[in-house]
Amino acid sequence: MLLCLSGARHGRNVSDEQKTHPKSRREHLQTSGALYYFCDLVNRTEVEFLIREFHVLMGEQTTLGRTVSGLDRGRFRSFLHNNFGMTDDMIMDGVFRTFDKDNDGFVNMREWIDGLSVFLRGTLDEKIEYCFQVYDLNSDNYISREEMFHMLKDSLIRQPTDDDPDEGIKDLVEITLKRMDHDHDGRLSFSDFEKAVRDENLLLEAFGTCLPDSMSTEAFEKLVFQEQLEQ
């Protein structure tokens, strides 16, 4: 969770009890209209700073005279680009969709904090689920050949000497399926994706960068947590 060190980077294992009882790691408390999230390594001050950042972004959002319940797609994509350098439209849309759990077209405060907790410092288990949801473009619980092709086509740099770059991408899709499609049905289920990533962690972002790197994470946390503490 937020400010918990990633299991992939620091060898932190999630206990069987934590997997079976996720509520033991986080409980929700609503105080003075603000939603607070607690787990074993998150404190109220840090959550309050994330809530404050949410309200700053909401204040920048133009609403054309109507009330909105959260950050719209455009504002959220600007946040991803400005803070984490994301530029791939398809991946940013996938991140937005993954944050927007109720599919109402807005990221509300609860979705904002819950999503950032995984985005910034999630466990390996949480990041595997998050990345799979980002890559499952049509939310049918599979990553198809077509989805792989479109994501890789957008994320790979084309060489001007390539006669038919699409053929090269199709070959890459087949190579990826051969490595990750454990049940050999021509598409990736969550079970396929999870097993492949556990065998080789580098496959976590196989179809495009959808998690922040360590430098952008550090810069964002410094901006939101440390600088606000000094004010």
Side-chain angles (χ1 to χ4, degrees), residues 1-2 6 22 26 28 35 37 50-51 53-58 60-64 66-156 169 173 176 180 187-194 196-197 203-213 216-217 220:
M1 299 307 301
L2 182 65
S6 167
R26 185 194 306 161
H28 306 300
L35 183 61
Y37 288 65
L50 285 179
I51 291 172
E53 183 69 13
F54 176 83
H55 286 305
V56 169
L57 293 173
M58 282 289 291
E60 295 176 355
Q61 183 170 266
T62 58
T63 62
L64 300 177
R66 61 188 180 92
T67 302
V68 295
S69 58
L71 299 172
D72 63 21
R73 186 182 301 269
R75 179 57 58 186
F76 186 80
R77 284 176 45 149
S78 294
F79 162 76
L80 293 176
H81 176 70
N82 295 336
N83 290 278
F84 303 105
M86 290 191 177
T87 57
D88 188 315
D89 291 338
M90 192 173 295
I91 294 297
M92 286 193 290
D93 281 344
V95 175
F96 177 81
R97 186 184 65 254
T98 303
F99 270 63
D100 180 22
K101 297 296 185 186
D102 61 7
N103 298 312
D104 69 345
F106 296 95
V107 173
N108 61 38
M109 186 188 297
R110 175 173 179 169
E111 292 165 340
W112 164 258
I113 295 181
D114 199 35
L116 281 179
S117 70
V118 175
F119 187 74
L120 295 173
R121 294 292 183 89
T123 64
L124 179 59
D125 286 349
E126 291 166 330
K127 288 182 176 181
I128 290 173
E129 182 177 357
Y130 161 84
C131 289
F132 182 83
Q133 291 174 350
V134 171
Y135 299 147
D136 178 13
L137 300 180
N138 63 357
S139 301
D140 67 348
N141 297 317
Y142 292 96
I143 304 173
S144 67
R145 272 189 171 88
E146 292 75 17
E147 288 171 328
M148 293 180 209
F149 176 83
H150 289 302
M151 287 184 288
L152 291 173
K153 185 175 182 178
D154 277 5
S155 63
L156 295 179
I169 296 170
V173 167
T176 303
M180 300 180 73
R187 58 185 181 177
L188 298 185
S189 65
F190 178 75
S191 178
D192 290 330
F193 186 77
E194 181 181 31
V197 173
L203 294 173
L204 180 65
E205 296 182 270
F207 304 112
T209 301
C210 58
L211 286 165
D213 59 34
S216 57
T217 297
F220 178 76

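In what follows, residues are counted from 1 in the order of the sequence shown. Remember, predicted model here, so these are calculated numbers, not experimental data.
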Exercise. Can you list every pair that meets salt bridge (Lys or Arg N to Asp or Glu O under 4.0 Å) and has a residue in residues 130-149, with sequence neighbours left out?
Worked result: Arg145-Glu174
Problem set entry | Nearest heavy-atom neighbours spanning Phe99 and Trp112 | CE2-O, 3.9 Å
For this session: Identify the two heavy atoms, one from Leu204 and one from Lys127, that lie closest to each other, and give their separation to 0.1 Å.
Result: CD1-O, 3.8 Å
For this session: Return the minimal non-hydrogen interatomic distance between Ile91 and Phe207, and the atom names on each side.
Result: CD1-O, 3.9 Å
Exercise. Ser189: what forms a side-chain contact (heavy atoms from CB on, under 4.5 Å) with it, not counting sequence neighbours?
Worked result: Tyr142, Asp183, Ser191, Asp192
Exercise. Once you round to the nearest 0.5 Å, how far does CD1 of Ile128 lie from CZ of Phe193?
Worked result: 7.0 Å
Exercise. Ignoring hydrogens and geometry, is there a side-chain-to-backbone donor-acceptor pair from Asn82 to Ser78 under 3.5 Å?
Worked result: yes
Seminar exercise, completed: In short, Gln133 meets Arg97 closest at the heavy-atom pair O-NH2, 2.8 Å
For this session: Could you walk me through whether Met180 and Ile143 pass side chain to side chain contact (heavy atoms under 4.5 Å, CB included), step by step?
Result: CA-CA 11 Å; Met180 300 180 73; Ile143 304 173; over 6 Å; no
Exercise. Got a second to check how far Leu188's CG is from Met148's CE, nearest 0.5 Å?
Worked result: 3.5 Å
Exercise. What's the verdict on side chain to side chain contact (heavy atoms under 4.5 Å, CB included) for Val173 and Leu152, showing C-alpha distance, side-chain angles and the deciding distance?
Worked result: CA-CA 8 Å; Val173 167; Leu152 291 173; 3.9 Å; yes
For this session: Could you tell me whether the side chain of Tyr130 and the main chain of Cys210 form a donor-acceptor pair under 3.5 Å?
Result: yes
Problem set entry | Test item: Glu129 and Phe190 side chains (from C-beta on) under 4.5 Å apart, heavy atoms | yes
Exercise. Do you know which two heavy atoms are closest between Leu211 and Met86, and how far apart they sit?
Worked result: N-CE, 3.9 Å
For this session: Sort out for me which residue in Asp104, Asp93, Asp100, Asp89 forms a salt bridge (charged side-chain N to carboxylate O under 4.0 Å, His left out) with Arg73.
Result: Asp93
Exercise. Hey, is the main chain of Ser117 close enough, under 3.5 Å, to the side chain of Glu126 for a donor-acceptor pair?
Worked result: no
Exercise. Which value, rounded to the nearest 0.5 Å, describes the distance between Phe84 atom CZ and Asp213 atom CG?
Worked result: 9.5 Å
Problem set entry | Gly105 versus Phe96, closest heavy-atom pair with distance | O-CZ, 3.3 Å
Exercise. Ignoring hydrogens and geometry, is there a side-chain-to-backbone donor-acceptor pair from Arg75 to Gly70 under 3.5 Å?
Worked result: no
Problem set entry | CD1-CE distance between Ile51 and Met58, expressed to the nearest 0.5 angstrom | 13.0 Å
For this session: Could you grab the distance from atom CZ of Arg77 to atom CG of Leu71, nearest 0.5 Å is fine?
Result: 14.0 Å
Seminar exercise, completed: Output for pair (Phe54 CZ, Glu111 CD), nearest 0.5 Å, gives 9.0 Å
